Structures are given as C-alpha cells and as structure tokens.
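Below: the structure, in structure tokens.
This structure is a prediction, so every number in the text was calculated from the model and none was measured. Because only heavy atoms are used, hydrogens play no part in the values below, and waters and symmetry mates are left out as well, while side chains stay in. Chain naming here is simple, since letters A, B, ... match the order of the sequence lines and numbering starts at 1 in each.
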Amino acid sequence: MVSALLGLLALVLHLALMLAAAPLLTGLIRRIKARLVGRIGPPVTQPARDLLRLLRKQPVVSESASWVFRAAPATSFAATLAAAALVPSFALDMSTAPFADLLVVAGLLALSRAATALAALDTGTAFGGIGASREMTFSAFAEPAMFLVIYTLALLVGTTNLDAIAGVLREGALGLRVSLGLVALTGLVVAIAENGRIPVDNPATHLELTMVHEAMVLEYSGRHLALIEAGAMLRLLLWASLLAAVFAPFGMANADAPLRWLPAIGLWAVKLGLLAAVLALFETGTAKMRVFRVPEFLGIAVLLGLLAAIFLFISQGFA
Amino acid sequence: MTELALPGAALAVCLLLALALVSPFLSPKMRARVVAWGCVVPCAVTALLAACVLIGGGVGTLAVPLGPAGAGMVLALDGLSAFFLLLLMLVATAASGSALDGHAEPVTAPFLPLFIAAMALTLLAADAFSLMLGWELMSVAAAALVLTGHRDPDTRAAALLFSGMAILGAVCLFPALGLLAQGGGQGGAQGGIWDWRFASMRAHPPEGLRASAVLLLALIGAGSKAGLAPLHVWLPPAHANAPGHVSALMSGAMTKIALYVLVRLVFDLCGPAQPLWWGLPLMLLGVAGAVLGGLRANVEGDIKSVLACSTIENVGLIAVGFGLALLARAADLPPLAALAMGGALLHAIAHAMFKSLLFLGAGAVQHGARTRRLDRLGGLVHTMPITTACVMAGAACAAGLPPSAGFAGEWMLFQAALAAARVGGLGVQVAVVGVATLMVLAAALAAAAAVRLVGIAFLGRPRSPLAAGAEEVARPAHAAMVGLGIAALLIGLLPGWVLVLAQDPVHRFAGGLGGVRDAALVVAPAADAPGYAAPAIAVLLGLAAIAVAWAMRRWAVPGMRRGPAWDCGFGAPPPWLPFGDPATQYGGASFGQPLRRSLGAGLLAAREAVDMPEPGETRPAQLTVTLHDPAEAGLFAPAAALRDRLSVFADRMQLLNVRATLSVMFAVLVLFLAAISVIQQW
C-alpha cells in the first residue's frame, strides 16, 4: 500500500518535473548554442515565457481548416504527455512502470506525429503538405532503427519493458558491450531525427524550403501553437530522459525510497545538462543535410542497429 | 447452445444459398433490399453462434448425405473454424447491412449471399470435397461480384486476372489435398486408396518430400487468394473495381478465409512433426508482401487501391506471425508459438474489422463524390463528416497507433519476433532480425499511407467540384461503419479478451497458452513478464487529454478567429476559385514522392521523366512517373510470355499436315510406352 502510494507520488513528481524542465532544457540548449557562436543569447527561461505569451493570444484558424486542425495540438500533446508518464526520469518503479513498454512509447510518439501530420494537411497548404510528407517519410526510416534499439535491449534483458531494462542496466551486471555502444549511437541518431534537430531538420530555421516540422505547424498560432511548441519541448526532454535511463541509468532511485529521490533528481539534471551541452556542440558543428540524404543517414542507423543485434548473437551464442 | 451451433451455421449456409437461388426471380427493384435483409439476419445469428462456441467450447461434426458417391460431406466446427466464422460473419453482417437501403446493383446482388455461404462452407468443411466446393464457389461468386461494373474495361481486366489467380489456386489446392488424402487412405478405414475426410488425413500426416510438396502447394494455392507475395498483384485492381461492400468482404473476410485454409492444411492436417525450416517461407514471403504492400500504398492514386495494398501489407504481417508460430512449434517452444499464433489471429480479426470499415468508407466516398482518385478528392471532412470520422478511426488502426486494434496485434507479432531470436542457429537468427526490422518498416510505411489517405482524400481543400459537392451516404452505411468501428475499438481496448476467444486454436496448434492475465486486460509475451495493458494506456491518454483541456480552459485565452491560410504569405484565392487553386496543395503523388524516390526506385523500379519545354514554347511541362511491381516484372510478365509462346506452338500443332500429325502421334505413343516400361522396370 505504502509502496503503491509512493509510486503514485513519484509519478506525479516526475510529471511535474518533466513539464517544468521541458522548456528549460530547450532554453538551455539555445543558450549554449548562442554562447558557442559568440552571442549572449536569451535567458534559459525564454521558451517558458514564450509559451505563456502564446497562451495569452487568440489563435487565428485557417478558413479551410476543420475540427481535425483544432483537435490535433491537444491530441499530439496528450500523446506525448502519456509517453512522458511512461519514461522514468529520476525514479524507477513508478505507478506506470508495469506498462511502460518501449513499443508503446514509440507508438504514442507515432500517434502524436500522425495527429500533427493530419493537421498539417487539413489546412490545404503546400507547406503543410511538404512538412507532413517529409515527416512521415523520415519516420518510416527512423522507426526500424528505433525498433532495432529495442530489439537489442530486449535480447540483453529479455523484455521490452523500459523500467525493467533500466533496472537491469542500472545494476551494471551486463557490463560494457560493443552492442550497447552501437545501440546507443543508433538511439542518438533516432533521437535527433525524431526531434527534428540538426542535421535532419533545423528547429530554428525560417528558410521555408529546408524545414520539416516547422512547415507542418506553420498555420498554428495562439494556444494551439503553445501546445505544439510545448509538445516538441516535452518530446526532446522525453528522448533525453529515455537515453539517460537506458544508457546512463546509474544513480536512479527507486520509487519506494523517497530519501534517495533528491540526489537522483540532481543527477538527472546533471545528465540532462550534459546531453544538452553535447547536442548544442554537435548542432553548432554540423550543417543541415539535404532532405534526400536523410534516409541514408537513418539507413546507417538501421545498419548499426542490425550490427549490434548480430554482434550479440555471435558473442552470446543465443540458441 | 454450443451443440446447436453447427446445425445452426449449416442452416444459415442453406438459407443463404436458397436466397441466392430465389432472389434472381424477384423484381430488380426489390432484389437488392431483400438480399441485404436476407443476408444480415442469418449472418448476425451465425456470428452469435460462433461466439457461443468460442466461449463454451466443444467440437461438433455433422455428416451431410450429399457429395461424391460413397463418401458424403462432413461438416465440423472447432475452435479455429469458429474463430474465423465469427470474423467472417461480423464482416458479412456489416457489409450486407451497408446495402440495406437497396443501392446495390440488382444484377449481381444474388451473388452476395452465395459468396458469404461459400466462405462459410469453406470454414465448416471437414473433408476435401466440401472444402473445395466452398472454395470454388467463393471464387466464382467473388469474380461475379467484381464484375458488377462490367461495362468498364478495367473491371473486366481485373475480374479476368482474379479468375486466373483463382484457377491457379485451385490447381494447386486440389493436388495438395490429394497428397494429404493419399496419407489418409493408408489408414485403411474405408479400404480405399484415398480418404478425403480431414479426420483420417490428420491421423496420418504426410512426411518428408510429400509434406514439403503439400506446403509448397498450399502456399501457392491459399497464398494466391490471401494476397501473399508474389501472388498479390490481383488485389489492387480487383478491390478497386468491386463495389464498396464487396471489397469489404473480399479484403476483410476472403483473404482471411484463405489464411484459414493455409493454417488448416499446414498446421492441422500436416501435423506438428515438421522441420524447423517450414516457418521460413511463410516469414520471408510474408515480410516481402508487407514491405511491398506498405510501399505501394504510398504511391497508388486510387483510394481503394491504397486500401488493397494495405491489405497486402497486413496479410503479410499475419503470415509472418504464422511462420513464427511454425518455427517455434518445430523448435518445441510452445509459449512462443502461442504468442505468434495469438498475435496472428488477433491481427487477423482486427484487420478484418478495420479494413472492412475502410472499404465501406471508400465505397461511401465513391458513392458520394463519384470518384476514387486521390487527385480529385479532398475536403470531404466538411461534406461527409460521419464517414470521415469513421475512416479516421479505421486509419488509426491501419497505422498501428495505440490504443487501436492495429497496435495490439502488431505488438504481439513484434514480441514474437523478438522472442524468436532464440530459435535455431545464427542463420535463422539473422533471418528473424531482418524479418522483424522489415516488419517495422512495413508498419511505418502503413502509418505514412494512412496519413496520406486521410490527409489527402478527406482533409484539406476539395481538388474538384466532385469532391466539393460530395453528399453523405445513407444511414445503413453509417450504421455499418460505426458498428465495425466499435468492434475495432473493443478489440483494441480488450485484445486479451480476443485472445481468450482464440484460446482453443492457439492451444491446439501452438501447444501453449497466450500470456494473458489480470482478467485478460494485460497481454504479455509470458505469464510473468510485463506486457501491454491497452486499457491502462487508453486511460492514461484520456487523463492526459483531460489535463490538457483543463489547462487550456484555465490558462489560455478562449475563442479563436477565422482567417485565410497564412501559407508563408501565399495570396488569397481569386473569387472565381472559391476553394483556392487546388493545385497549390499537396496531392497524393507529391505526398508519396520522398518514399517513391528513396525506396520506390529500388523496390518498384520507379522512374521519373521530366519533360521541360524550352523557353518560349507554349506546351506545358510534364512529369511522368512509371512504377512496376517486381512480381509483375519478375513473375507475371515471363508467365504471360510463356503463355503466348505456348499458344503459338499449339496453333502450329493444329495446322500440321497429315504426315506430320501422324508422326507426332506416333512419337508420343512411343514415348508413353517407353515411359511406362521404364516405370514398371523401376
């Protein structure tokens, strides 16, 4: 009973932290990127302020748009939020742990993506169409790579449950493995593609011809845009937490040991900060690639993932 | 109740056959309506009976004093056939129910009950004669129903291709059953050489080369009807040209009946003692079809062709599931076999529901907007709101989004593919990883295709006056779509309950029980492993949506304004184009372009030819895209060339002079005598 209550408490705290940290993480990345190119940059809280500003504005909806356009931001954000409830941040064994399946997380993110893509097509504009078409194409290549990450982890741990995977990897019983390294690389590439970061997409661009995600949400304004932006920030944090939970799970607390929560939260913040710094460095150092190079980029991720699984077969002699 | 099920189902088949015979004599005005009502009632009752059998259990057989001399027909209803009977009758009730307002073409209406009865007979058959009788009646009725719009040459070509594939299927299924019956006869129950009853075939399963021949023939025979690669090419034209409720039956039910026959032959009649490699052909062909279908669904320009390609994709996934089950059964891993089999059956019934829904929706579009072409549709959400909502629910299943029915089946199939990595040597393992990755690729392609279908055909602005003036269809069609949608929703939310219904066939052919626990609310790969809790995910999503709605109400400014689309400053449309220039929005071809270029260039031999006029020329620029299904180029074109050569040869043989004819006859006679003497020596 007590552990169930603690699990619920951890979940509520986790969700509150995720929602609060999502704009901060985006702000941090922007700040680091600004400093790297010699600007001072806006404060870390700027994305959160932008969201509040957007909430105060009335949306303008295109005349040809239907209810799909108006329902999509909420659907997309709700799906991302549901996925965020499944991905552990600082504590394992939260109330959602028994059904925190990695395939379900991927499915919920796909639901969020499909809602945005449909809304982009609903306005009947060329930009919406181009964005939706490219987003769905990229996802067709990113999902097999994502699946291979899940596949290799499941081969190692024996389940696709994220909480169980993080728990086993936290113990460190598996040690360092070539497969894990390859899978981590694959996971990073997929995370970059799914979040529309450089070199797949440029989240800061205003050059219409190069954008994917921003082209899809071009028609949004007001509270709809706030939900879309918040969803994108939450998704970035979700992926960062996911990578941290799987590939750097040390220091995560258990939900039934609340005294350990505080250091675990601190450690989680440090991991996120490091990831943000790495991402900012990487993005500053690379240029966006041509749209038709992206499938090749993701194809390499698929090959790496396949290699990871095959390495595992050879080294462990599964049979 | 359960002992009444088999006679009840047989009676329903008789009623439907009687309806098929009587209805041609009714006046054309009444016929369609009478046929629809006459189909709905027995189908709904039979669905209930099948559900009773699945819940109550019990196997029954019924000998019918009809059929070949001395043998008679035997009907039986076991768990497997009851599961597929439930699937068939649900689809049939909805499909015939959608025609209750009598809009169906009266000329081909009598073939609808014949089609349903033939499929039911195929399921109830417990001897080779009844099976082939049902199978062939099914082919004939389906071909006749495809011919409903026979004035269109495309329709006639589609029906011809379908009939050709049906003949190929029969040509392979007859010898497959013959090989099985030969084994049955060795038991000597009737003293004959052959025993056509399934019970005696089952008692003496084939071995070695004979078993492999049965597998090959069953794969071609049943696979050609199911749409298994590379014999899938008939599906897009046949489904596109048939009326909506007929394509719903063909795609939702007929492909599943073919899969049932495959399972019956390979899992049941061939017995469990088969080698490990038996699973591989099903897996490889299945995944090839899944990827091809998923990709083609992104490039087809006709909404019903898109749906037919998605059927190829889903049938491929189900076939992979059966292949994995065969693999695991041969490796003696009952829990894994049960997982794969359960996943395949779950995905089969889920696909039957949502694909029938989508085909009924496509039929409604064809009826309301008078066109099926993506580049003429658009904006139907405003003119056909109920149809759009139903199609969106079906498309969510087709895209495999949680917590829809499509996701549950795919989740189980992926889990089976994960667990199957522990079977066999390195070669099998690498094959399993490759198949699993391609399955995910196919699922992601299906998601892109679903977004394309809904986004281009139903959302956006109308691309033609036809779409702008589309009319919502009548109430029965809505009721049928909503009913199928509710069925799909229930399957998605309670996949464990479906697995409980499928417990008997899973236990019988896989040897284990599916991992279902917590009042069947959680589906898991093993009894103690964490699993997929669809109700919990649905509740989580619902709570998140409520939280978002509450936060918006609490913090955001209410209301909204309407304005022209921004589109980065694209000008407002001129007054004579009330919906703007339709060419300024993305269409079906442009949406599929990135996938066509990146994957289609290799897999579909997609080529683009750009004809750009010189400055000063007045002709328009043109982009021509050519696509070829590899099965067409690699299998059907050579087969057609061979047919042409053979017909030329036959022609020449008929026109020989007397001397040449006599010498040919003499040579053949000598050849046969030589052959007989060699065989007798041997």
Side-chain angles (χ1 to χ4, degrees), chain A residues 55-64 66 68 74 77-79 81-82 85 98-99 101 103-104 107-108 110-111 114 117-118 121-127 129-130 132-134 136-137 139-140 143-144 147-148 151 154-155 159-161 164 208 218-219 223 292 295 306 309-310 313 318-319, chain B residues 381-382 399-402 407 411 414-415 418 421-422 425-426 429-430 433 436-437 440-441 444-445 447-448 451 454-456 459-461 529-530 532-533 536-537 540-541 544-545 548-549 552 555-557 559-568 570 584-586 590-591 593-595 597-598:
Chain A
L55 282 180
R56 284 199 303 273
K57 295 193 170 202
Q58 220 177 29
V60 182
V61 174
S62 151
E63 274 151 1
S64 52
S66 68
V68 175
F77 186 82
L81 188 61
F99 34 86
D101 192 276
L103 293 170
V104 173
L108 287 170
L111 174 62
L118 283 182
L121 289 165
D122 191 29
T123 48
T125 60
F127 280 111
I130 203 169
S133 158
R134 289 176 174 178
M136 295 316 287
T137 304
S139 81
E143 290 207 341
F147 178 74
L148 280 167
Y151 200 105
L155 280 179
T159 172
T160 52
N161 187 285
E208 295 89 347
L218 191 67
E219 298 293 325
R223 61 170 185 276
F292 283 98
L306 269 178
I310 291 170
F313 288 142
F318 270 95
Chain B
V381 65
H382 302 290
L401 301 176
F407 182 78
W411 187 87
F414 292 153
Q415 291 291 340
L418 282 168
R422 291 163 197 277
L426 189 64
Q429 287 175 331
V430 172
V433 180
T437 311
V440 179
L441 176 65
L445 288 173
V451 166
V454 173
I456 305 291
L459 305 181
R461 289 177 284 127
Y532 167 55
I537 301 299
L540 198 62
L541 262 175
V548 171
M552 284 299 108
W555 283 307
V557 174
M560 58 168 195
R561 277 184 297 143
R562 286 281 185 176
W566 158 233
D567 205 10
C568 273
F570 207 83
T584 57
Q585 57 179 333
Y586 247 47
S590 37
F591 191 92
Q593 185 228 33
L595 279 172
R597 278 195 185 167
S598 52

Q: Could you tell me which portion of A/Glu219 (side chain, backbone, both or neither) has an atom closer than 4.5 angstrom to a non-hydrogen atom of chain B?
A: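 Just its side chain gets close to chain B.
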Q) Is atom CZ of B/Arg561 surrounded by more than 12 heavy atoms (other residues, nucleotides or ligands) closer than 6.0 Å? A)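 Atom CZ in B/Arg561 is not packed in, count stays at 12 or less.
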Heavy-atom proximity to chain A below 4.5 Å, by part of [X]:
{"X": "B/Val548", "answer": "side chain"}
{"X": "B/Leu426", "answer": "side chain"}
{"X": "B/Phe407", "answer": "side chain"}
{"X": "B/Val451", "answer": "both"}
{"X": "B/Ala549", "answer": "neither"}
{"X": "B/Thr584", "answer": "backbone"}
{"X": "B/Ala399", "answer": "neither"}

Q: Using modelled atom types only, decide if a donor and an acceptor are shared between the side chain of B/Arg422 and the backbone of A/Leu155 within a distance under 3.5 Å.
A: yes
Q: Could you check A/Leu111 against B/Leu541 for side chain to side chain contact (heavy atoms under 4.5 Å, CB included), going step by step and ending with a plain yes or no?
A: CA-CA 11 Å; A/Leu111 174 62; B/Leu541 262 175; 3.9 Å; yes
**Q.** Heavy-atom side-chain proximity of A/Leu55 to B/Met552 below 4.5 angstrom
**A.**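 The answer is yes, as the side chains (C-beta and beyond) meet within the 4.5 Å cut-off.
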(Q) I'd like to check the side chain to side chain contact (heavy atoms under 4.5 Å, CB included) partners of A/Ala126; sequence neighbours left out, ordered by chain and number. (A)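 For A/Ala126, no residue satisfies side chain to side chain contact (heavy atoms under 4.5 Å, CB included) once neighbours in sequence are set aside.
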Q: Return the set of residues passing side chain to side chain contact (heavy atoms under 4.5 Å, CB included) with B/Gln415 (not counting sequence neighbours), or none when no residue passes.
A: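 Testing B/Gln415 for side chain to side chain contact (heavy atoms under 4.5 Å, CB included), a comparison that skips the adjacent residues, returns A/Asp101, A/Leu103, A/Thr160, B/Leu339, B/Trp411, B/Leu418, B/Pro525.
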Q.
To check you understand the geometry: which heavy-atom pair defines the closest contact between B/Gly559 and A/Pro59, and what is its length?
A. O-CD, 3.4 Å
